[in-house]
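Numbers for residues simply follow the sequence, beginning at 1. In each ligand, atom 1 is the first atom listed, and ligand 1 is the first ligand listed.
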Amino acid sequence: FKIMGQIKRGALIVVEGLDRSGKSTQCKKLVQSLEKHNVKAKLMCFPDRSTLTGKLIDEYLKNKECKLNDHAIHLLFSANRWENVDNMKALLDDGVTLILDRYSYSGIAYSAAKKNMSLDWCKYPEIGLPKPDLVFLLTLSNEESLKRPGFGTERYENVEAQRKVAKVYSQLCNENDNWVVINAARSIEEVQKELVQKCIEKIDEVKMVPLGVLQ
Ligand code: ADP
Ligand code: DGP
Ligand code: NA
Ligand code: NA
């Protein structure tokens, strides 16, 4: 960011949570809400299924017969984030706040939930990526989740996988100080209001603070 000019860096804000917790709904609205507050904001979704690695990931998620070693697919998901790192940094430098619909923590949580995948190993490929300034963890009880439109047919869309992923998410939440647990069982508008308020505060707080890296 520039000292003499008015450009200050944007904030890196991540929304995490289980399938159907409302991430995509909230992220889309968040970008619009921030723009109304005159904040330059951009939505990014991981995995980005449009890139070369993204196409392989899409195939893996959609085709449950696709046999790909758990470590190999983990590295592909990570590569999908690394592919975008220069673009992310340039936008943040330009003063754009990035709203990420999933990020490294999805990678860690969904992979470490599998057998024979250690948490430490899963964290490794994420080291060096830009560190989020704020992570929202959208939480929803099983009961509330069942009231929403049902699971699709993709790979992790089953109760057992989701329960294991939830455990890793809560561990990650306890390890990090920039996480905020959001009760996602409220109306879309109520959840959005809390997210917008917390984002605005954070954007102001970090604009003169250098971006961190994941360790
Ligand atoms: P995710 O991206 O976390 O999988 P979505 O945003 O796609 O979740 O939402 C999953 C489903 O739940 C969608 O049908 C969406 O319309 C609905 N939904 C999202 N937020 C709420 C909410 N606060 N209350 C009720 N339904 C919701
Ligand atoms: P969606 O958020 O709807 O595009 O779905 C993506 C699915 O892939 C969802 O079930 C979570 C899972 N996922 C996202 N990122 C990663 C990752 O980095 N690693 C693994 N193993 N799974 C991921
Ligand atoms: Na989504
Ligand atoms: Na494991």
Note to self: Could you check whether any heavy atom of Arg81 sits closer than 4.0 Å to an atom of ligand 2, since that is the contact criterion I want to use?
What the structure shows: yes

Note to self: How far is atom 11 (C) of ligand 1 from the closest protein heavy atom, and which atom is that?
What the structure shows: Pro149 CD, 4.2 Å

Next item on the list: Answer yes if the ring centres of Trp179 and Phe136 are under 6.0 angstrom apart, and no otherwise.
Entry: no

Margin query: Over 60° means perpendicular and under 30° means parallel, so tell me whether Trp121 and His74 are parallel, tilted or perpendicular.
Written below: tilted

Check: Any N or O of Lys114 that comes nearer than 3.5 Å to an N or O of ligand 2?
Finding: no

Note to self: Residue-level breakdown please: for Ile73 versus ligand 2, do any non-hydrogen atoms fall below 4.0 Å on the side chain, on the backbone, on both, or on neither?
What the structure shows: neither

Item checked: Subset of ligand 1 atoms that lie under 4.0 Å from at least one heavy atom of Leu18 -> 3 (O)

Next item on the list: Among all protein heavy atoms, pick out the one at the shortest distance from atom 25 (C) of ligand 1; state its residue, atom name and that distance to 0.1 Å.
Entry: Arg148 NE, 3.6 Å

Notebook entry, point to check: Taking atom types as modelled, is there a side-chain donor on Thr51 or Asn80 under 3.5 Å from an acceptor on the other?
Noted result: yes

Notebook entry, point to check: Got the closest protein heavy atom to atom 16 (O) of ligand 1, with its distance?
Noted result: Thr25 OG1, 4.4 Å

Item checked: Flag side-chain contact, heavy atom, 4.5 Å: Val209 against Glu205 -> no

Check: Among protein heavy atoms, which lies nearest atom 23 (N) of ligand 1, and at what distance?
Finding: Arg186 O, 2.9 Å

Checklist line | Residue and atom name of the nearest protein heavy atom (relative to atom 13 (N) of ligand 2), distance in Å to one decimal | finding: Phe77 CE2, 3.8 Å

Checklist line | Residues Arg155 and Tyr110: side-chain donor-acceptor under 3.5 angstrom | finding: no

Check: Are Asp48 and Thr53 close enough that some pair of their side-chain heavy atoms sits under 4.5 Å apart?
Finding: no

Next item on the list: Please determine if Lys23 has a nitrogen or oxygen closer than 3.5 Å to a nitrogen or oxygen of ligand 1.
Entry: yes

Check: Does a donor on one side chain sit under 3.5 Å from an acceptor on the other, for Glu16 and Tyr169?
Finding: yes

Next item on the list: Give a yes or no on whether the backbone of Pro132 and the side-chain of Asn178 come within a donor-acceptor separation of less than 3.5 Å.
Entry: yes

Margin query: Counting only heavy atoms closer than 4.0 Å, does ligand 2 sit against the backbone of Pro47, its side chain, both, or neither?
Written below: side chain

Notebook entry, point to check: Given side chains that start at C-beta, do those of Arg9 and Leu211 come closer than 4.5 Å, heavy atoms only?
Noted result: yes

Note to self: Do Leu18 and Glu157 make a side-chain contact, defined as non-hydrogen atoms from C-beta onward lying under 4.5 Å apart?
What the structure shows: no

Note to self: Pairs of nitrogen or oxygen atoms closer than 3.5 Å, one from Ser21 and one from ligand 1: do any exist?
What the structure shows: yes

Margin query: What I'd like to find out is whether the side chain of Leu12 reaches to under 4.5 Å of the side chain of Leu100, using heavy atoms alone.
Written below: yes

Checklist line | Protein contact of atom 18 (O) of ligand 2 - nearest heavy atom, named by residue and atom, plus distance | finding: Gly107 CA, 2.8 Å

Next item on the list: List the closest protein heavy-atom neighbour of atom 4 (O) of ligand 1: residue, atom name, distance to the nearest 0.1 Å.
Entry: Arg20 N, 2.8 Å

Note to self: In the structure I gave you, are the side-chain heavy atoms of Gln171 and Ile108 within less than 4.5 Å of one another anywhere?
What the structure shows: no

Notebook entry, point to check: Which residue supplies the protein heavy atom nearest to atom 21 (N) of ligand 2, what is that atom called, and how far is it?
Noted result: Tyr156 OH, 3.0 Å

Check: For the atom pair CD (Glu59) and CG (Leu61), what is the distance rounded to the nearest 0.5 Å?
Finding: 10.0 Å

Next item on the list: Find all atoms of ligand 1 within a distance of less than 4.0 Å from any non-hydrogen atom belonging to Ser187, and give their numbers and elements.
Entry: 23 (N)

Next item on the list: Please write down residue, atom name and distance for the protein heavy atom closest to atom 20 (N) of ligand 1.
Entry: Ile188 CG1, 3.6 Å

Next item on the list: Give the residue, atom name and distance (to 0.1 Å) of the protein heavy atom nearest atom 8 (O) of ligand 1.
Entry: Gly22 N, 3.1 Å

Next item on the list: Please state which part of Arg102 comes within less than 4.0 Å of ligand 2, counting heavy atoms only: side chain, backbone, both or neither.
Entry: side chain

Notebook entry, point to check: So is Asp101 close enough to ligand 1, meaning a heavy atom under 4.0 angstrom away?
Noted result: no

Item checked: Protein heavy atom at shortest distance from atom 10 (O) of ligand 2 -> Asp19 OD2, 3.2 Å

Next item on the list: Output yes when a side-chain donor or acceptor of Arg148 lies under 3.5 Å from a complementary backbone atom of Ser21, and no otherwise.
Entry: yes

Notebook entry, point to check: What residue and heavy atom of the protein are closest to atom 3 (O) of ligand 2, and at what distance?
Noted result: Arg49 NH2, 4.2 Å

Checklist line | Heavy atom of His74, distance to ligand 2 below 4.0 Å | finding: no

